[in-house]
Amino acid sequence: MKNNTLKVLSWAVLACAAPYSVPLFAAGNPAMAGTGDTTITEEQFLKAAKESFPWATPAEFDERVKNDVTLAICNKTNGQPNAAETDVILKFEQSRMEYPKDGKRYGDWKKGQEWAEGAHGGRIGFADADDPAHPNGANCYACHAIDLNFPAAGNMGPSLTNYGKLRGQSEPMIKYTYEKVFNAKALVPCSLMPRYGGKGHLLTAEQVADITAFLLDPASPVNLPPKAAAQ
Amino acid sequence: MKKKLAWLFIASPMVFGSQILPTYAESPTDEDKKFEAYREAMADFNPGDFWIEDGEKLFHEQRGPKNVSLEQCDLGLGPGVVKGAYAQLPRYFKDTNRVETLEGRLLGCMVNLQGFDEEKITKPYYQSLAEEDGTKSDLVELVAYVASQSNGEPYRVKLENAAEKQAYELGKYAFYHRMGAMDLACASCHATPGLVLRGVHLPVMTDPATAGKVMTAFPAYVIKDANVRTWFWRNERCLLAMRLPFLKVNSDLDVALHLFQVMEASKTDTPIAVPGIKPRA
């Protein structure tokens with residue numbers, strides 16, 4: 001519990017560096033309330049999910065639906081895990097944290113820009129499956145405003161515009177940003193933000209390092225005035 | 001492709017112009033307004049009407065190895081009754097001992113009454129659901145035709161027996177269940193008001209008024225695909241984005257997700273009006 005509080009606190013401290021207020025990005029999904037009254041059991045659901053999709057292999061089903069310790073807790077608790085459950089998730093997800101082989105958590109921001117914008121990757125099935133030979137994108141703009149020159153943004157996560165300008169490029173900030181993007185649930189147990197790194201997820205450790213640089217680098221458009229405004 | 005080009009040409013000033021360069025400063029609400037104007041301009045001519053015409057012919061034609069029409073197909077109101085059938089589906093059917101959607105039921109009739117090979121229908125069917133694929137499919141034409149025969153009526157789907165209640169609960173459970181490579185549930189995107197995803201407003205499908213509006217427009221003519229798309233397709237697109245494999249037509253989750261959302265629409269008096277028109281989704 002103490003451990004757990006510390007982690008959440010350190011996250012809060014880092015997050016407070018942001019001058020904007022974050023509206024409803026609580027760890028859980030606020031709209032999940034009221035699902036406790038269903039008469040369906042997890043076993044019944046898993047059986048239906050197993051039969052409703054043409055899984056290529058049993059392992060694929062296990063990876064995408066069945067054996068996810070973290071989501072199992074988040075689903076069961078409507079995104080509000082208690083202290084013990086929080087501990088289970090944070091420990092498990094932190095044990096899955098990986099870093100690039102060269103140890104550098106700060107990569108090439110130009111590549112990071114490409115990964116952040118791209119929406120390719122991970123789709124499986126008969127129609128519109130993604131070619132696994134192409135590097136995956138992360139589609140960060142689905143949920144965040146980042147570089148304001150990019151023509152679209154989402155509001156499911158906080159704005160990341162001027163992220164590096166506001167927070168600086170200190171070692172702890174690099175570490176925090178890398179780990180947040182690699183595995184948001186290693187810091188916020190039932191974060192709405194997808195886990196991007198590790199088996200079954202979209203990005204390599206090197207790509208996460210590139211995105212870290214994209215968010216933090218002073219030369220990245222994330223931290224410069226938008227082009228139209230600069231002219 | 002050729003068909004689509006024609007549509008691009010007509011649609012470009014209003015819809016595609018704004019899609020190629022959607023400035024984020026321009027709120028999606030402005031986009032919605034532009035699209036509304038476009039929809040009005042198309043009120044007198046909806047290309048989806050061709051699907052309905054062809055579907056009507058297909059329904060009455062003698063087809064398949066058994067060379068019979070679908071006039072013996074019971075969609076819940078008696079053999080061959082299409083008027084109002086869509087407005088009361090999905091529902092439980094004794095003969096199959098399953099809750100079924102219109103699409104699933106028609107597929108079953110093509111297989112059981114007309115003798116078609118199920119895989120020969122579904123395989124090309126699934127493939128034709130790729131983005132920007134204008135391939136017409138018999139099953140979609142049939143769904144569009146039968147659905148149009150409920151135009152003007154609100155959904156009145158009821159949970160009248162244990163199987164229907166169970167399917168509804170499964171739909172609700174699935175709707176809130178986070179899964180797939182993105183850790184998302186339908187509810188992550190469709191149960192909170194005010195969410196915008198990559199510049200697109202997300203409809204709150206747990207709000208009856210919104211569900212009523214959305215559900216009564218499907219099957220819809222999707223401009224980007226130059227094709228008519230059904231409910232199954234809509235849920236399947238979102239499951240694909242969640243990085244789950246392709247949903248099977250008439251599978252338990254197909255039926256359950258459809259039923260869960262249509263129950264919200266059933267709380268309203270919004271009349272079914274198909275084919276709807278959608279820019280991309």
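Any value given below was found using the heavy atoms of this structure, including those in side chains, with hydrogens, waters and symmetry copies removed. Lettering follows sequence order; numbering is per chain, from 1.
Chain A forms the most heavy-atom pairs under 4.5 Å with one residue out of B:Lys123, B:His190, B:Lys165, B:Glu131, and that residue is B:Glu131. Between chain A and the options B:Leu197, B:Asn250, B:Asp254, heavy-atom pairs under 4.5 Å are most frequent for B:Leu197. When each of A:Leu202, A:Asp68, A:Asp128 is scored by its heavy-atom pairs under 4.5 Å with chain B, the top score falls to A:Asp128. Most heavy-atom pairs under 4.5 Å with chain A, from the set B:Leu247, B:Leu239, B:Asp252: that is B:Leu247.
For the pair B:His177 and A:Leu71, the minimum side-chain heavy-atom distance is 4.5 Å or more. Using a 4.5 Å heavy-atom threshold, the side chains of A:Arg123 and B:Phe246 count as separate. Using a 4.5 Å heavy-atom cutoff, the side chains of A:Val65 and B:Leu244 are in contact. Annotation: side chain of A:Phe45 is in contact with side chain of B:Met179 (closest heavy-atom distance under 4.5 Å).
Between the side chain of A:Ser52 and the main chain of B:Leu253, a donor-acceptor pair closer than 3.5 Å is present. Side-chain N or O atoms of B:Arg243 include none that pairs as donor or acceptor with a backbone N or O of A:Ile124 at under 3.5 Å. A donor-acceptor pair under 3.5 Å links the side-chain atoms of A:His201 to the main chain of B:Ala181, judged by distance alone. Listed for the A:Asn75 side chain is a donor-acceptor partner under 3.5 Å among the backbone atoms of B:Arg178.
Sorted by first and then second residue, the salt bridge (charged side-chain N to carboxylate O under 4.0 Å, His left out) pairs involving residues 46-57 of chain A (not counting sequence neighbours) are A:Lys47-A:Glu51.
Interface residues of residues 53-63 of chain A toward chain B, defined by a heavy-atom distance below 4.5 Å and sorted by number: A:Phe53, A:Pro54, A:Trp55, A:Glu60.
Annotation for B:Asp183 and A:Met193: closest pair OD2-O, 4.4 Å, computed over non-hydrogen atoms.
Take B:Thr230 and apply the side chain to side chain donor-acceptor pair (under 3.5 Å) test, not counting sequence neighbours, and it matches B:Glu103. In this structure, A:Lys165 has no salt bridge (Lys or Arg N to Asp or Glu O under 4.0 Å) partners at least two apart in sequence or on a different chain.
Contact of B:Gln166 with chain A is made through backbone and side chain together, with heavy-atom distances under 4.5 Å. Interface remark: A:Ala129 contributes no atoms to any contact with chain B (heavy atom separation under 4.5 Å). Neither the backbone nor the side chain of A:Lys66 comes within contact range of chain B, judged by heavy atoms closer than 4.5 Å.
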Please walk me through it: do A:Met156 and B:Leu202 pass side chain to side chain contact (heavy atoms under 4.5 Å, CB included)? CA-CA 11 Å; A:Met156 287 166 74; B:Leu202 294 173; 4.2 Å; yes
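No side-chain N or O of B:Tyr173 forms a donor-acceptor pair with one of A:Gln44 less than 3.5 Å apart.
The local environment of NZ in A:Lys76 is sparse, with at most 12 non-hydrogen atoms from other residues, nucleotides or ligands closer than 6.0 Å.
Note: A:Asn155 CG to B:Arg198 CZ = 14.5 Å, rounded to the nearest 0.5 Å.
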